[in-house]
> 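Below you will find the structure I want to go over with you.
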Amino acid sequence: MNDAPPRDFIRQIIFEDLESGKHDEIVTRFPPEPNGYLHVGHVMSICLNFGVGQENHGRTFLRFDDTNPGKEKEEYVRAIERDVHWLGFDWEDRLTHASDYFGQIYDAAEKLIELGVAYVDSLSADEIREHRGTLTKPGMNSPYRDRPVDENLDLLRRMRAGEFEDGEHVLRAKIDMASPNMNLRDPALYRIRHIEHQRTGNKWCIYPMYDFAHTLSDAFEGITHSLCTLEFEDHRPLYDWFLDQLEPPHRPRQIEFSRLNLAYTITSKRKLNMLIDGDVVSGWNDPRMPTIAGMRRRGYPAAAMRDFVKRGGVTKKDKLIEMGVLENCVREQLGESAERRMAVLRPLKVVLTNYPEDQVEMVQAINHPNNPELGTRDMPFSREVLIERDDFLEEAPRKFFRLKPGGEVRLRFGYIIKCEEVIKNDAGDIVELRCSYDPDTRSGTGTSDKKVKGTIHWVSAAHAVPASVRLYDRLFTVPDPNSVDDFMSVLNPESLETVTAMLEPALQQLAGGEAVQFERLGYFCADSEEHTADALVINRIVTLRDSWAKIEAAAMRLEGKPPNAVVRK
RNA sequence: UGGGGCGUAGCCAAGUGGUAAGGCAUCGGGUUUUGAUCCCGUGUACCGCAGGUUCGAAUCCUGCCGCCCCAGCCA
């Protein structure tokens, strides 16, 4: 990985602000609303905000935007804290909540009234909507717009005191009902909500709206650069309006960037919830979910996530990034760190007819081909071994380097074997292979210079340990499920396949969450929730790159056959 | 059809008037007891289109086209 600091447009602005002396210290914040789990999109915001803080020796706040009680839960705040930590960032003592500032925000509301730029409106929600106009038609002033300051103050205080029902009144900024920017058509500042807040309990029955609370929270914390996504671009004039009216000691600047969309996934909370409610996935941390919790459970390393986001860059252009980029980051991380092991996902029995019945010998396997320091381990080798079903083909194309009738192949770290006989059941399915082995070809002995094209993985039948292995694939069949009317109609029915695999004995010791490479198959990790020493449960993180699959698919295309006819999964 | 953004190769992305970096993907080739890794090589990008300014434009001007966001007492 390269460590050169990125120079996107936001970092350029920050650099200039430091150079010019506009700021001595950079202060940023990551401000999630605790109403759901964090997802890939948030990873970008987290890395940007905390990254910019770190790079400039500044400070970054983790602030919960908890201004809408009823939709927010403690469960989510704990999950968010865990996710941000897991990604490798530390807010130290800067964990805050918009609700920490409810008192100050309220004071600011009274000040706006005194300034004559806010008023209590007694129109109903429907009437307010009707008065707002449309994108092309200007709105109309509320009949309550010119209430005197004293009356506004009195009404707001009584709203706060709980004298009114939900929806009876609302505090609004007095800006311009004819503004082409809808956000400036007298936006609501405070609404009445007789509902208990997860942190402030029943102390308040009026709660500030996002724009008001967010701007002020930024100002109170001395945020210098308030980084958010593009959809808030239209809110910036309002953000600045608050600052102009209230003139707080610190004046933050809002800068917007485009959000990161991952192909073949969705991130809308509503839709993610539908997947859970519809039992398409097992929960927020299902390994197929694009949530941080899901990706963590899937086995994606935090470093890979950070690298992924870094490769995407920070711009204002809408992006839909290919899965391959993420997968490549994951492979790159794991390729270096994960130890290698052997496992057979779909076993086919192979009997070595000339190998002594009761003999078991230990062969030495390397834990990492590019890093000898990771050492070796011994694997039992015996007369009956299990190989991958699709490493044998009865009628193999010429470029098939694996086992075929009469053909030879090397059992990795073991011997070269030759297929002598194919055993089938009555239905014609291949159930067993009879092979001979060449005693002179044991790995590492150098007693034979025989060379074969292919090397396959295997496991000793008598010593193998069974495990439930989940093979994950993308959740959707189209790159942009969001652009489809009914996203549930493009679900990938094969996003999860569970097989009973046979693992080499050393895998018995795999710890929950630990990742290894199953040679020739991919990276796998023990499930952090369901895996135990007695019942192994393993997730496939990502497959290895598979150029054979490509050759095969290309051949299929040439012959005009459907691409999935023989492709293995 | 009001306002705000965005448009550089399949996907990202540098570039800020001097003649188009890089990554991923693709396609070749080499090494390899993982068809992995690693290493080499591989793209006619009419810089959305059309005009204009200039000795010179992806960069400046004008017009057009396409895509995204905004009419919550959500964030």
Side-chain angles (χ1 to χ4, degrees), chain A residues 2 7-8 12 31-33 35 65 67-68 70-72 121 123-125 128-129 132-139 166-172 178-185 187-193 206-207 209-211 213-214 228-237 256 258 260 263 269 310-329 331-332 335-336 340 342 366 368-370 399-402 409-414 416 441 443-444 451-457 479 517-522 543-552:
Chain A
N2 90 91
R7 276 297 294 261
D8 50 74
Q12 280 180 38
E33 180 189 13
N35 69 342
D65 228 325
T67 56
N68 192 11
K71 285 198 170 172
E72 298 152 3
D121 198 347
L123 251 24
S124 70
I128 286 181
R129 183 170 5 92
R132 185 153 29 231
T134 68
L135 294 179
T136 49
K137 275 186 306 207
D166 287 9
E168 268 191 76
H169 305 285
V170 63
L171 180 71
R172 294 229 259 168
S179 171
N181 181 343
M182 301 299 287
N183 296 112
L184 264 22
R185 319 248 264 225
L189 267 27
Y190 262 99
R191 75 290 216 186
I192 301 171
R193 275 255 208 297
I206 57 173
Y207 295 96
M209 298 291 292
Y210 161 83
D211 290 291
H214 198 87
C228 64
T229 41
L230 242 33
E231 64 267 31
F232 293 104
E233 217 155 13
D234 287 346
H235 294 239
R236 188 171 1 113
E256 312 84 12
S258 62
L260 177 162
K269 265 163 206 158
K310 188 171 171 183
R311 291 190 201 200
V314 181
T315 64
K316 300 189 72 157
K317 184 177 147 187
D318 294 331
K319 35 184 149 229
L320 182 61
I321 301 182
E322 294 171 343
M323 264 291 196
V325 181
L326 210 206
E327 292 179 340
N328 187 67
C329 292
R331 289 190 188 106
E332 213 167 272
E336 253 182 70
R340 270 95 269 211
M342 290 216 263
I366 285 172
H368 193 120
N370 310 326
K399 283 199 284 187
F400 186 77
F401 302 151
R402 287 113 91 157
V409 76
R410 160 149 244 133
L411 292 180
R412 173 144 239 235
F413 303 128
I416 289 175
T441 57
S443 277
K451 285 256 194 292
V452 285
K453 250 334 205 176
T455 297
I456 63 173
H457 56 96
Q517 182 195 96
F518 286 175
E519 296 218 22
R520 302 211 309 134
L521 295 174
T543 60
L544 250 30
R545 267 158 102 198
D546 188 353
S547 51
W548 169 246
K550 273 182 222 159
I551 294 169
E552 207 176 25

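In what follows, every chain begins at residue 1, and chains take the letters A, B, ... in the order their sequences are listed.
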> At under 4.0 Å, does any side-chain N or O of A:Arg132 touch on OP1 or OP2 of B:rG2?
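Indeed not, no polar side-chain atom of A:Arg132 lies that close.
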> Spell out, as yes or no, whether a donor-acceptor pair under 3.5 Å connects the side chain of A:Ser179 to the backbone of A:Asn181.
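Present.
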> Hey, what are the protein-to-nucleotides 21-24 of chain B N/O distances that come in under 3.5 Å?
none

> Write down the atom of A:Pro237, the atom of A:Leu184, and the distance for their closest heavy-atom approach.
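That would be CB-CD2, 4.0 Å.
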> So, the side chain of A:Asn370 versus the backbone of A:Glu336: is there a donor-acceptor pair under 3.5 Å, distance only?
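Checking the backbone N and O of A:Glu336 against the side chain of A:Asn370, no donor-acceptor pair under 3.5 Å is found.
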> Is there a side-chain contact between A:Lys137 and the phosphate of B:rU1, meaning an N or O under 4.0 Å from OP1 or OP2?
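For B:rU1, OP1/OP2 do not have a side-chain N/O of A:Lys137 under 4.0 Å.
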> Are any of A:Arg193's side-chain N or O atoms less than 4.0 Å away from OP1 or OP2 of B:rC73?
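No, because none of the side-chain N or O atoms of A:Arg193 sits under 4.0 Å from OP1 or OP2 of B:rC73.
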> Which of the following nucleotides, B:rA75, B:rC12, B:rG72, is nearest to the side chain of A:Leu320?
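That would be B:rC12.
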> By the 4.0 Å heavy-atom rule, please label A:Arg172 as base, sugar-phosphate, or nothing.
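The answer is nothing, as A:Arg172 stays clear of every strand by at least 4.0 Å.
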> Report the C-alpha separation of A:Glu33 and A:Lys269 in whole Å, then their side-chain angles, then the decisive distance to 0.1 Å, and conclude whether the salt bridge (charged side-chain N to carboxylate O under 4.0 Å, His left out) test is met.
CA-CA 12 Å; A:Glu33 180 189 13; A:Lys269 265 163 206 158; 5.4 Å; no
> Under the 3.5 Å rule, do the base of B:rU33 and the side chain of A:Arg410 count as making a donor-acceptor pair?
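Indeed there is one.
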> What contact category does A:Phe518 fall into here, base, sugar-phosphate, or nothing, at under 4.0 angstrom with non-hydrogen atoms?
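Answer is nothing: A:Phe518 stays at 4.0 Å or more from every strand.
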> In this structure, how many angstroms lie between the P atom of B:rC74 and the CE atom of A:Met209, rounded?
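A:Met209 atom CE is separated from B:rC74 atom P by 5 Å.
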> How many Å lie between NZ on A:Lys316 and P on B:rG5, as a whole number?
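Interatomic distance, NZ of A:Lys316 to P of B:rG5: 7 Å.
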> Under 4.0 Å, heavy atoms only, any strand: does A:Lys453 hit a base, just the sugar-phosphate, or nothing?
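Answer is nothing: A:Lys453 stays at 4.0 Å or more from every strand.
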> Sticking with atom C1', work out how far B:rC61 lies from B:rC70, rounded to a whole angstrom.
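After rounding to an integer number of Å, I get 29 Å for this pair.
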> Pairs counted only when both distances fall under 3.5 Å, Watson-Crick or G-U: show me the 5' to 3' dot-bracket for RNA chain B, [ ] for pseudoknotted crossings and | for other-strand partners.
.(((((((.[[[..)..(...]]]..((((.......))))......[[[[[..)....]]]]])))))).....
> Taking atom C1' in both B:rU37 and B:rU32, compute the distance separating them and give it to the nearest angstrom.
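Taking atom C1' in both B:rU37 and B:rU32, they lie 9 Å apart.
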> So what does A:Leu189 hit on the nucleic acid, given a heavy-atom distance under 4.0 Å: a base, only sugar-phosphate, or nothing?
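No contact.
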> Which whole number of Å gives the distance between the P atom of B:rC69 and that of B:rU1?
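16 Å, rounded to whole Å.
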> Which value, in whole Å, describes the distance between the C1' atoms of nucleotides B:rA20 and B:rA9?
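It comes out at 11 Å once rounded to the nearest Å.
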> Under 4.0 Å, heavy atoms only, any strand: does A:Gly167 hit a base, just the sugar-phosphate, or nothing?
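Here A:Gly167 touches the bases of the nucleic acid.
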> Is it the case that the base of B:rU33 and the side chain of A:Ser443 share a donor-acceptor contact (distance under 3.5 Å, atom types as modelled)?
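Indeed, a donor on one side and an acceptor on the other fall under 3.5 Å apart.
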> At 4.0 Å (heavy atoms only), tell me whether A:Phe413 reaches a base, stays on the sugar-phosphate, or touches nothing.
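Base: the residue A:Phe413, judged by heavy atoms under 4.0 Å, touches a nucleobase.
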> Does A:Lys319 put a side-chain nitrogen or oxygen below 4.0 Å from OP1 or OP2 of B:rA13?
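So the side chain of A:Lys319 is within the cut-off, an N or O lying under 4.0 Å from OP1 or OP2 of B:rA13.
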> Mind calculating the distance between CD (A:Glu256) and C1' (B:rA75) to the nearest angstrom?
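About 15 Å, once rounded to whole Å.
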> What verdict does the salt bridge (charged side-chain N to carboxylate O under 4.0 Å, His left out) test give for A:Lys316 and A:Glu233, after you've listed the backbone C-alpha separation in whole Å, the side-chain angles of each residue and the deciding distance to 0.1 Å?
CA-CA 11 Å; A:Lys316 300 189 72 157; A:Glu233 217 155 13; 2.6 Å; yes
> Assess whether one donor atom and one acceptor atom, taken from the side chain of A:Gln517 and the base of B:rU34, lie less than 3.5 Å apart.
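Between B:rU34 and A:Gln517, which were checked side chain against base, a qualifying N/O pair under 3.5 Å is present.
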> What nucleotide among B:rA36, B:rA75, B:rC74 has an atom nearest to a side-chain atom of A:Pro369?
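Comparing B:rA36, B:rA75, B:rC74 against the side chain of A:Pro369, the answer is B:rA36.
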> Look at the side-chain N and O atoms of A:Gln12 and state whether any lies under 4.0 Å from the OP1 or OP2 oxygen of B:rG15.
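Checking A:Gln12 against B:rG15: at least one side-chain N or O falls below 4.0 Å of OP1 or OP2.
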> Output yes when at least one side-chain N/O atom of A:Thr67 is less than 4.0 Å from OP1 or OP2 of B:rA75, else no.
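The answer is yes; a side-chain N or O of A:Thr67 sits under 4.0 Å from OP1 or OP2.
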> Taking only the P atom of each, what is the distance from B:rG3 to B:rA57 in whole angstrom?
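Rounded to whole Å, the distance is 32 Å.
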> Find the distance A:Glu233:CD to B:rA75:P and express it as a whole number of Å.
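From A:Glu233 CD to B:rA75 P: 20 Å.
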> Under the criterion of centre distance below 5.5 Å and interplanar angle below 30°, is A:Trp548 classified as stacked on the base of B:rG35?
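It does: the ring sits over the base of B:rG35.
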> Write down the atom of A:Thr543, the atom of A:Arg331, and the distance for their closest heavy-atom approach.
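So the minimum-distance heavy-atom pair works out to O-NE, 2.7 Å.
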> When you check the phosphate oxygens OP1 and OP2 of B:rG3, does a side-chain N or O of A:Arg236 lie under 4.0 Å from one of them?
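For B:rG3, neither OP1 nor OP2 has a side-chain N or O of A:Arg236 closer than 4.0 Å.
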> Can any side-chain N or O of A:Lys550 pair as donor or acceptor with the backbone N or O of A:Arg545 at less than 3.5 Å?
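Pair absent, no side-chain N/O of A:Lys550 close to backbone of A:Arg545.
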> Between B:rA13 and B:rC73, how far is it from one P atom to the other, in whole Å?
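Roughly 34 Å separates the two P atoms.
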> Under 4.0 Å between a side-chain N or O of A:Arg7 and OP1 or OP2 of B:rG15?
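Checking B:rG15 against A:Arg7, no side-chain N or O comes under 4.0 Å of OP1 or OP2.
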> Whole Å only: how far is the CD atom of A:Glu231 from the P atom of B:rG4?
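In whole Å, B:rG4 P and A:Glu231 CD are 18 Å from each other.
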> Nearest to the side chain of A:Met182, which nucleotide is it out of B:rU34, B:rC73, B:rA71?
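So the nucleotide nearest the side chain must be B:rA71.
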> Under the 3.5 Å rule, do the base of B:rG3 and the side chain of A:Asp234 count as making a donor-acceptor pair?
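When only heavy-atom distances are counted, A:Asp234 does reach the base of B:rG3 through a donor-acceptor pair under 3.5 Å.
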> Examine distances only and state if a side-chain atom of A:Arg410 and a backbone atom of A:Lys451 form a donor-acceptor pair shorter than 3.5 Å.
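Checking the backbone N and O of A:Lys451 against the side chain of A:Arg410, no donor-acceptor pair under 3.5 Å is found.
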> What's the gap between B:rU16 and B:rU53 when it is taken at their P atoms, as a whole Å value?
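24 Å, rounded to whole Å.
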> Donor-acceptor pair, distance only, cut-off 3.5 Å: does the side chain of A:Gln12 make one with the backbone of A:Arg7?
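Yes, the answer is positive, given that a donor and an acceptor are paired below the 3.5 Å cut-off.
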> At 4.0 Å (heavy atoms only), tell me whether A:Arg185 reaches a base, stays on the sugar-phosphate, or touches nothing.
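Here A:Arg185 touches no strand at all.
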> Say you draw a straight line from CZ of A:Arg340 to CZ of A:Phe413; how long is it, rounded to the nearest 0.5 Å?
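CZ of A:Phe413 is found 10.0 Å from CZ of A:Arg340.
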> In whole angstrom, what separates A:Glu33's CD from B:rG72's P?
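Distance check: A:Glu33 CD to B:rG72 P gives 18 Å.
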> Does B:rG5 have OP1 or OP2 under 4.0 Å away from a side-chain N or O of A:Lys317?
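So the side chain of A:Lys317 is outside the cut-off, no N or O lying under 4.0 Å from OP1 or OP2 of B:rG5.
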> Does B:rA13 have OP1 or OP2 under 4.0 Å away from a side-chain N or O of A:Thr315?
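Checking B:rA13 against A:Thr315, a side-chain N or O does come within under 4.0 Å of OP1 or OP2.
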> I need the CZ-P distance between A:Phe401 and B:rA36, as an integer number of Å.
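Distance check: A:Phe401 CZ to B:rA36 P gives 10 Å.
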> If you go through the side-chain atoms of A:His235, does one of them form a donor-acceptor pair with the base of B:rA75 closer than 3.5 Å?
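Indeed, a donor on one side and an acceptor on the other fall under 3.5 Å apart.
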> Check whether more than 12 heavy atoms from other residues, nucleotides or ligands sit under 6.0 Å from atom CD1 of A:Ile366, and answer yes or no.
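No, CD1 of A:Ile366 has 12 or fewer neighbouring heavy atoms, counting only those of other groups under 6.0 Å.
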> What's the gap between B:rC47 and B:rU59 when it is taken at their P atoms, as a whole Å value?
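The same atom, P, in both gives a distance of 9 Å.
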> Going by the glycosidic torsion and a 90 degree boundary from 0, is the base of B:rG43 oriented syn or anti?
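Anti conformation for B:rG43.
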> Under 4.0 Å, heavy atoms only, any strand: does A:Tyr190 hit a base, just the sugar-phosphate, or nothing?
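Since no nucleic acid heavy atom lies under 4.0 Å of A:Tyr190, the category is nothing.
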> For A:Leu544 and A:Gln517, run side chain to side chain contact (heavy atoms under 4.5 Å, CB included): C-alpha distance rounded to whole Å, both residues' side-chain angles, the deciding distance at 0.1 Å, then the answer.
CA-CA 9 Å; A:Leu544 250 30; A:Gln517 182 195 96; 3.7 Å; yes
> Would you mind reading off the distance between A:Arg402 atom CZ and B:rG35 atom C1', rounded to a whole angstrom?
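So the two atoms are 7 Å apart, to the nearest Å.
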> From the list B:rG2, B:rA75, B:rA36, which nucleotide is the closest neighbour of the side chain of A:Leu135?
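The closest nucleotide is B:rG2.
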